[in-house]
Amino acid sequence: MSSNKAFKPKARRPRGFEDRLSHHLRAEQALIQAASGVYERWGFERLETPAFEFADCLGKFLPDDDRPNEGVFALQDDDEQWMALRYDLTAPLARFSAEHFQDLAKPFRRYQYGDVWRNEKPGPGRFRQFIQCDADSVGAPGTAADAEIIALASEVMAAVGLERGEYAVRVNDRRLLDGILESLGAGAAEARLKVLRAIDKMDRLGRHGVELLLGAGRKDESGDFTPGAGLDAASITRVLDFIEAGGGTRGEVIERLIPIVGAGVGGAGVSALEEIAAILNALNVDEDQVIFDPSIVRGLGYYTGPVFEVELNLSATYENGQPIRFGSVGGGGRYDDLVARFTGQAVPATGFSFGVSRFAAALSALDRIKDSAPDPLVIVLAVDKDHMATYFQLAAQLRAEGLRAEAFVGGGNMGKQLKYADRRGADFAVIVGEDERQNQTVTIKDLKLGARLAQQIEDNKAWREDQPAQFTLPLAGFAKALHERLV
RNA sequence: GCCGCCUUAGCUCAGUUGGUUAGAGCGCUUGAUUGUGGAUCAAGAGGUCCCCCGUUCGAACCGGGGAGGUGGUACCA
């Protein structure tokens, strides 16, 4: 009983999970609001779904194994059914669409943002919990819907404050590569997957690395061997020619692709790009905003037609001078088979998704977050603890003026309280003690000004006596007077 | 999963060939200043040297195993 060694847990976080502070949250909120505004104006409806779904609804993670949490966070409900935290917002949308299929006006245009969770090894800029923001059209078979989503993605980038040339939406169509692989006799699912993986590594490994992965395989620096797709030399050349067929205007890319992919499946892909190009041109989407790029892969699994990625062309460096790589901040495409898993009925769908947390981090690093500075803060010091009621009234008057204000409710003398105000980054401290009560005044200390002046002052005695950063206002109407000083 | 690096105070890190009582800077607390933050000075608090086993008269230090962190790579609906 009398153990004086009480168990003290170490304060720590599971890896890949972040505490997010106010400035970070403001950055994320600004992004979500900008994107939501665009989605709303384009006629998308907001939807929220729960964090948990039944594991079988999320996809391939069936609760057959003892441990269905490969990649997801899963637990068993009290009826022993496996539930899992959603790993994206698309699977819940497919579930919702299937569940309410009759009630929805098709195409169902919905947007959604919220946390998603992935039980994988985290890395730099990669977390196990993060926010996604999606817009999708469910039940829209035509390429027009894809073109719309692409234009929407481009508009979101502009809405968050990015200028032309600072971002690009890169568009491809899965059927182009499918056509090529088919004609090479490499259309089998397994080979196709390996080819997609290899192409996806183009930016990191370069042409030569991809060449190895398309052929026999590649050994990386650590000595680990990655098996290749096993294509022959002629086929590798054709695939590489294809993925390097980008560059120039959308029309030029299409012209270049026609002879490479031929008719059949690939031809359908070319037609899709032609239709997308026509719509983008009609919407005055610039050639540098949306680019056709055959090297875009965008995930592996469920995309069936047009796919696209949104990338930032900006660069920044860490404090240590290392360049920050932003890479892709979002993307999307057509997925025609997702809802059919539930209903058996083919439901075409297309959508866009971006990672709010990663995007916000990039914009913060670039110092491009709008409205990220909080409003000025005033702290009313608790000079005499028996006059707390008065201090709360003063704070209320400041709030009524539209300022952020709080009465100090902690402990400690004035020195401590000013130190608190300083650390909070407050702009002003309001001091009302015996003297001020006598004279019906308030003393205002300009903390920011004081901090600046203090840098030049050597003698502590002098600045304490002079108090150059302080001024006195009449008690009546002090809040208004202070507010006016701020403008 | 595979490969590398790291783990000593709240934080960043020193710590000699293995030697007795493990240090610094920053931060924190208190005071110089009983109603004044950011300068300066002084004092103080704060440690399972990641854990276990072994070698040794003696281990923060050497050996083995484990855990955690981190970077790369693989996978990523």
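Below, chains carry the letters A, B, ... as their sequence lines are ordered, and counting in each starts from 1.
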- Assess the pair A:Y391 and A:F408: is the distance between their ring centroids shorter than 6.0 Å?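 That pair fails the under 6.0 Å test.
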Rounding to an integer number of angstrom, what distance separates [N] and [M] when you compare their [atom1] atoms?
| N | M | atom1 | answer |
| --- | --- | --- | --- |
| B:rU56 | B:rA42 | P | 48 Å |
| B:rG23 | B:rU16 | C1' | 14 Å |
| B:rC49 | B:rC61 | C1' | 10 Å |
| B:rC11 | B:rC28 | P | 15 Å |
| B:rU40 | B:rG58 | P | 48 Å |
| B:rC51 | B:rG10 | P | 14 Å |
| B:rA22 | B:rA60 | P | 10 Å |
| B:rG15 | B:rU7 | C1' | 15 Å |

Have a look at [X] and say if it touches a base, only the backbone sugar-phosphate, or nothing, with a 4.0 Å heavy-atom cut-off.
| X | answer |
| --- | --- |
| A:K445 | base |
| A:G433 | base |
| A:I431 | base |
| A:K201 | sugar-phosphate |
| A:R204 | sugar-phosphate |
| A:N413 | nothing |
| A:Q417 | nothing |

- Going by modelled atom types, is there a donor-acceptor pair between the base of B:rG37 and the side chain of A:K448 at under 3.5 Å?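 Answer is no: no donor-acceptor pair is held.
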- Item | Cationic tip of A:K445 above A:F471 ring, under 6.0 Å, 45° of axis |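 No, A:K445 does not lie over the aromatic ring of A:F471.
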- On the ring face of A:F44, is A:R109 found with NZ or CZ under 6.0 Å from the centre and within 45° of the axis?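 Yes, A:R109 lies over the aromatic ring of A:F44.
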- Should A:F108 and A:F96 be marked as a ring-ring contact (aromatic ring centres under 6.0 Å, His included) after you check the CA-CA gap, both sets of side-chain angles, and the distance that decides it? CA-CA 11 Å; A:F108 174 46; A:F96 176 87; 5.8 Å; yes
Under a 3.5 Å limit for both distances, which nucleotide forms a Watson-Crick or G-U wobble pair with [N], could you say?
| N | answer |
| --- | --- |
| B:rG54 | B:rC62 |
| B:rC49 | none |
| B:rU40 | B:rA32 |
| B:rG27 | none |
| B:rU70 | B:rG4 |

Could you give the [atom1]-to-[atom2] distance, from [X] to [N], as a whole number of Å?
| X | N | atom1 | atom2 | value |
| --- | --- | --- | --- | --- |
| A:Q129 | B:rC76 | CD | P | 23 Å |
| A:D446 | B:rU36 | CG | P | 19 Å |
| A:L193 | B:rA74 | CG | P | 14 Å |
| A:M414 | B:rU34 | CE | P | 12 Å |
| A:K121 | B:rA74 | NZ | P | 11 Å |
| A:F225 | B:rC75 | CZ | P | 12 Å |
| A:K194 | B:rC76 | NZ | C1' | 16 Å |
| A:K419 | B:rU33 | NZ | C1' | 14 Å |

- Message: Counting only heavy atoms not in A:E45 (residues, nucleotides, ligands), do more than 12 fall under 6.0 Å from its CD?
- Response: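 At most 12 heavy atoms, drawn from other residues, nucleotides or ligands, come within 6.0 Å of this atom.
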- Query: Just wondering, more than 12 heavy atoms not from A:H100 lying within 6.0 Å of its NE2?
  - Reply: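 Atom NE2 in A:H100 is crowded, with more than 12 foreign heavy atoms closer than 6.0 Å.
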- Message: Can you see whether A:T443 engages A:E436 through a side-chain donor-acceptor pair at a distance of less than 3.5 angstrom?
- Response: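 A donor-acceptor contact under 3.5 Å links the two side chains.
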Nearest to the side chain of [X], which nucleotide is it out of [options]?
| X | options | answer |
| --- | --- | --- |
| A:R126 | B:rU36, B:rC75, B:rC2 | B:rC75 |
| A:R197 | B:rG35, B:rC75, B:rC28 | B:rC75 |
| A:L418 | B:rA74, B:rU36, B:rU70 | B:rU36 |
| A:K416 | B:rU36, B:rC28, B:rU30 | B:rU30 |
| A:D422 | B:rG69, B:rG37, B:rC2 | B:rG37 |

- Message: Pick the closest RNA chain B nucleotide for A:R218 and for A:R13 by heavy atoms, then say which residue is nearer the 5' end.
- Response: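 Result of the comparison: A:R13.
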- Task: Tell me which of A:V383 and A:T226 sits closer to the 5' end of RNA chain B, going by the nucleotide each one is nearest to.
- Result: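 Here A:V383 is the residue nearer the 5' end.
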- With A:E211, the side chain to side chain contact (heavy atoms under 4.5 Å, CB included) member among A:L205, A:L231, A:L240: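 Among the candidates, only A:L240 passes.
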